[in-house]
Amino acid sequence: METMEGAELCFPQLNTSCRKSMRPHYDNMLLYILLSSSSLITVSLNMLVIISISHFRDLHTPTNFLLLSLAVSDFLVGLLLIPGVILVIGECWYLGNIMCAFYVYVSFIITSSSVGNMVLISVDRYVAICDPLRYPTSITPRRVKICVTLCDGECVIVINYITGYVDLVVSFIGPVTVIIVLYSRVFVVAVSQARAMRSHIVTVTHRRSVTVTVKKSEMKAARTLGIVIVVFLVCYCPYYLPSLAGQDTSSEASYLSFLFLLLYCNSLLNPVIYAFFYPWFRKAIKLIVTLNILQSDSSEAKIL
């Protein structure tokens, strides 16, 4: 009997060791295949986004630089974080305490970076839609790069329950509140502008026609990025809801694995959304896959 109990432990020589999962081997194999595929697809798709925006000068806009930063975070999720979930499918961690602490730290940094990027995207769309005349001077590539650098350099270490709740406010409640408020305003302004354009019957000059076209493109971008943010909230909220409700899930490894998997699925879905709604991304993928990107003047290709 003692041997059977010892065999159920991750480390039989330690009485305080966690127990191995009793999940059927077939289920574990399905999970391994699902997670491995998700990791590979996430890395591949986000690498295409990174190459597209980095290589083609036509895509060097403030909004796309924010998408580039988000793609880097998503790429790291697929490369580092999803494999970490694979390691704990059996509810055992064999890499030691140091690697465990390092994985948690890296996970926090990458997910915090993603949250920060979503806030910056919301600010970018808010200025573009609600104050379009100031957008070219307020949101410049240089300022975006500075903001992204500051966002990616954030570092908070959770030590106890008090700092844990501070982290909850700073990393989730605060950013999500900002995102919802800004995009609510963007939605109201976008709807009012759409109604104004539909009701505008008088012939306009060429100059005003260009202005209307610019507003339409900005609103289309706002709609697409709005979908990105909604998907982000759907994937992230379940992870933080237990903390908001005051529940302790630290001992439920299977439940935590599910929450992490849902959290990281966001990184796979983002480039899929780009492929559906951004023609420039589909065009860039075609040039990359056909290796036309290797031509000397490929960076000057017209993508937009």
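Atom set for the values below is all heavy atoms of this structure, side chains included, hydrogens, waters and symmetry mates excluded. The model shown is predicted, which means the values in this text are computed figures rather than measured ones.
- Taking hydrophobic clusters as Ile, Leu, Val, Met, Phe, Trp and Tyr residues chained together by side-chain heavy-atom distances below 4.5 Å, I33 does not share a cluster with L35.
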Between C235 and Y264, is the side-chain contact (heavy atoms from CB on, under 4.5 Å) condition met? List the steps. CA-CA 8 Å; C235 292; Y264 300 152; over 6 Å; no
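- The distance from atom OG of S267 to atom CZ of F232, rounded to the nearest 0.5 Å, is 10.0 Å.
- Separating the CD1 atom in I227 from the CZ atom in F277 is a distance of 3.5 Å, to the nearest 0.5 Å.
- Y183 places a side-chain N or O within 3.5 Å of a backbone atom of G226 that can act as its donor or acceptor partner.
- Taking 4.5 Å as the limit, every side-chain heavy atom of F172 sits out of range of all side-chain heavy atoms of T111.
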Apply the test side-chain contact (heavy atoms from CB on, under 4.5 Å) to residues L48 and F281: give CA-CA distance (whole Å), side-chain angles for both, the deciding distance (0.1 Å), then the verdict. CA-CA 9 Å; L48 289 173; F281 184 48; 4.3 Å; yes
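- Using modelled atom types, one side-chain atom of D58 and one backbone atom of I303 make a donor-acceptor pair closer than 3.5 Å.
- By the 4.5 Å heavy-atom criterion applied to side chains, N292 and S298 are not counted as neighbours.
- The shortest distance between side-chain heavy atoms of S122 and I229 falls below 4.5 Å.
- Within the 4.5 Å cutoff, the side chain of P279 has heavy atoms near those of the R282 side chain.
- Atom CG of D74 sits about 4.5 Å away from atom CG of L70, to the nearest 0.5 Å.
- In this structure, the side chain of S114 engages the main chain of I110 through a donor-acceptor pair within 3.5 Å.
- In the hydrophobic clustering of this structure, F276 does not group with V230; members are Ile, Leu, Val, Met, Phe, Trp, Tyr whose side-chain heavy atoms approach within less than 4.5 Å, directly or through other members.
- Between the side chain of N64 and the main chain of H60, no donor-acceptor pair closer than 3.5 Å is present.
- When each of V186, L182, V188 is tested with I129 by the rule side-chain contact (heavy atoms from CB on, under 4.5 Å), just one qualifies, namely V186.
- Listed for the S107 side chain is no donor-acceptor partner under 3.5 Å among the backbone atoms of Y103.
- Rounding to the nearest 0.5 Å places CG of L120 at 9.5 Å from CD1 of I179.
- The shortest heavy-atom contact between S52 and I288 is OG-CD1, 3.4 Å.
- The nearest pair of heavy atoms linking S73 to N117 is OG-ND2, 3.6 Å.
- Here the closest non-hydrogen pair linking T140 and P136 is CG2-O, 3.6 Å.
- Note: L45 CG to L268 CG = 6.0 Å, rounded to the nearest 0.5 Å.
- The backbone N or O of R134 sits less than 3.5 Å from a side-chain atom of T137, completing a donor-acceptor pair.
- Side chain of R57 to backbone of E300: no donor-acceptor contact under 3.5 angstrom is found.
- Under the 4.5 Å side-chain heavy-atom criterion for grouping Ile, Leu, Val, Met, Phe, Trp and Tyr, V176 is not connected to V181 through any hydrophobic cluster.
- Here L76 contributes atom CG and S113 contributes atom OG; the two are 8.5 Å apart, rounded to the nearest 0.5 Å.
- In terms of modelled atom types and a separation under 3.5 Å, the side chain of D124 and the main chain of P62 share no donor-acceptor contact.
- For T63 and R125, the side-chain atoms include at least one donor-acceptor pair closer than 3.5 Å.
- When atom types are taken as modelled, the side chain of S39 and the backbone of G78 share a donor-acceptor pair closer than 3.5 angstrom.
- Considering only heavy atoms from C-beta on, Y126 stays 4.5 Å or farther from V123 through its side chain.
- Looking only at side-chain heavy atoms (C-beta outward), F108 and V104 stay at 4.5 Å or farther from each other.
- In this structure, R185 and C130 approach most closely via the heavy-atom pair CG-SG, 3.7 Å.
- Between the S54 side chain and the I51 main chain, no donor and acceptor come within less than 3.5 Å of each other.
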One pair to check against side-chain contact (heavy atoms from CB on, under 4.5 Å): Y236 and L263. What are the steps and the verdict? CA-CA 5 Å; Y236 270 66; L263 188 76; 3.4 Å; yes
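- Closest approach of L262 to V234, counting heavy atoms only: CD2-O, 4.2 Å.
- Looking at T42 and F75, their side chains never come closer than 4.5 Å, going by heavy atoms from C-beta outward.
- Shortest non-hydrogen contact noted between V228 and N270 is CG1-OD1, 3.5 Å.
- I86 and L34 are not part of a single hydrophobic cluster, where members link through side-chain heavy atoms under 4.5 Å apart.
- V189 is not connected to L133 by any chain of hydrophobic side-chain contacts under 4.5 Å among Ile, Leu, Val, Met, Phe, Trp and Tyr, and they are in different clusters.
- Counted within 6.0 Å of CG on L294, heavy atoms from surrounding residues, nucleotides or ligands total more than 12; the atom is thus considered enclosed.
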